[in-house]
Amino acid sequence: MITGLREIASWIKGEGAIEKTLDQLKAGQYGVVTRVDGQGVVRRRMADMGITPGANVFMRRAAPWGDPVQINVRGYELTLRKAEARSIRVDVKSPTSSKRW
């Protein structure tokens, strides 16, 4: 469901992407990192793990109660706490919209 002005604008432009936080992705969904929120050590840790704007992300699975989540980014499997995943913004994509998944 489209709820925000940014999402409406992207659909009008035909981009077809919806921005969500990483913790909102469902298992099997793809996204492209648009922004990493947070400060200091947390932001640096995300960059060290390869979670930077433009990186392709695949949501592998989430634990039964949603914490932690397992993702694939830059060929690596990473496990993040839900609070950390909430600080990462992604544009949700379909697997066919990108040549490199």
Side-chain angles (χ1 to χ4, degrees):
M1 176 176 217
I2 299 174
T3 56
L5 292 176
R6 181 181 167 122
E7 295 171 6
I8 292 170
S10 72
W11 281 103
I12 290 171
K13 292 178 189 174
E15 296 172 6
I18 297 177
E19 187 175 82
K20 293 184 177 185
T21 57
L22 186 58
D23 68 313
Q24 294 174 324
L25 288 182
K26 293 184 177 21
Q29 282 188 313
Y30 296 88
V32 176
V33 176
T34 57
R35 184 174 76 219
V36 179
D37 296 331
Q39 299 177 28
V41 177
V42 174
R43 188 178 176 114
R44 173 61 190 242
R45 182 171 172 254
M46 296 297 155
D48 289 345
M49 291 189 291
I51 303 172
T52 56
N56 293 326
V57 178
F58 175 69
M59 176 63 76
R60 303 285 296 175
R61 59 184 155 201
W65 287 280
D67 196 18
V69 296
Q70 184 178 16
I71 63 169
N72 185 309
V73 61
R74 300 187 191 272
Y76 293 98
E77 298 289 327
L78 297 176
T79 303
L80 300 172
R81 295 189 184 276
K82 200 168 190 174
E84 295 169 332
R86 199 173 293 122
S87 70
I88 302 165
R89 307 286 275 163
V90 298
D91 276 338
V92 180
K93 303 285 185 182
S94 66
T96 57
S97 67
S98 178
K99 295 175 186 166
R100 232 185 97 206
W101 286 108

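Since this is a predicted model, take the numbers as computed values, not measurements. Note that these values count all heavy atoms, side chains included, but never hydrogens, waters or copies made by symmetry.
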### Query
Is there a donor-acceptor pair closer than 3.5 Å between any side-chain N or O of N72 and the backbone N or O of F58?
no
### Message
How close do V73 and N56 get, counting heavy atoms only, and between which atoms?
### Response
CG2-O, 3.5 Å
### Message
To the nearest 0.5 Å, what is the distance between CE on M59 and CG on D23?
### Response
7.5 Å
### Summary
Closest non-hydrogen atoms of Q24 and Q29, given as atom of the first, atom of the second and distance, are O-OE1, 4.4 Å
### Task
Drop me the distance from K82's NZ to S87's OG, to the nearest 0.5 angstrom.
13.5 Å
#### Entry: Inter-residue atom distance R60.CZ - I71.CD1, 0.5 Å rounding
11.0 Å
### Shortest non-hydrogen separation from T34 to V90 and the atoms involved
OG1-N, 4.0 Å
### Residues I51, L80; criterion side chain to side chain contact (heavy atoms under 4.5 Å, CB included); working and verdict
CA-CA 11 Å; I51 303 172; L80 300 172; 4.0 Å; yes
### Task
Return yes when atom CD of Q39 has more than 12 non-hydrogen atoms of other residues, nucleotides or ligands closer than 6.0 Å, and no otherwise.
no
### Task
Give, for atom OG1 of T21 and atom CD of E19, the distance between the pair rounded to the nearest 0.5 Å.
9.0 Å
### Task
Could you grab the distance from atom CG of D37 to atom CE of M46, nearest 0.5 Å is fine?
11.0 Å
### Summary
On a heavy-atom basis, the closest approach of G50 and A55 is O-CB, 3.7 Å
## Note on the structure
Nearest heavy-atom approach of A27 to R61 is CB-CA, 4.2 Å
### Task
Find the distance between OG1 (T52) and CZ (R74) and round it off to the nearest 0.5 Å.
4.0 Å
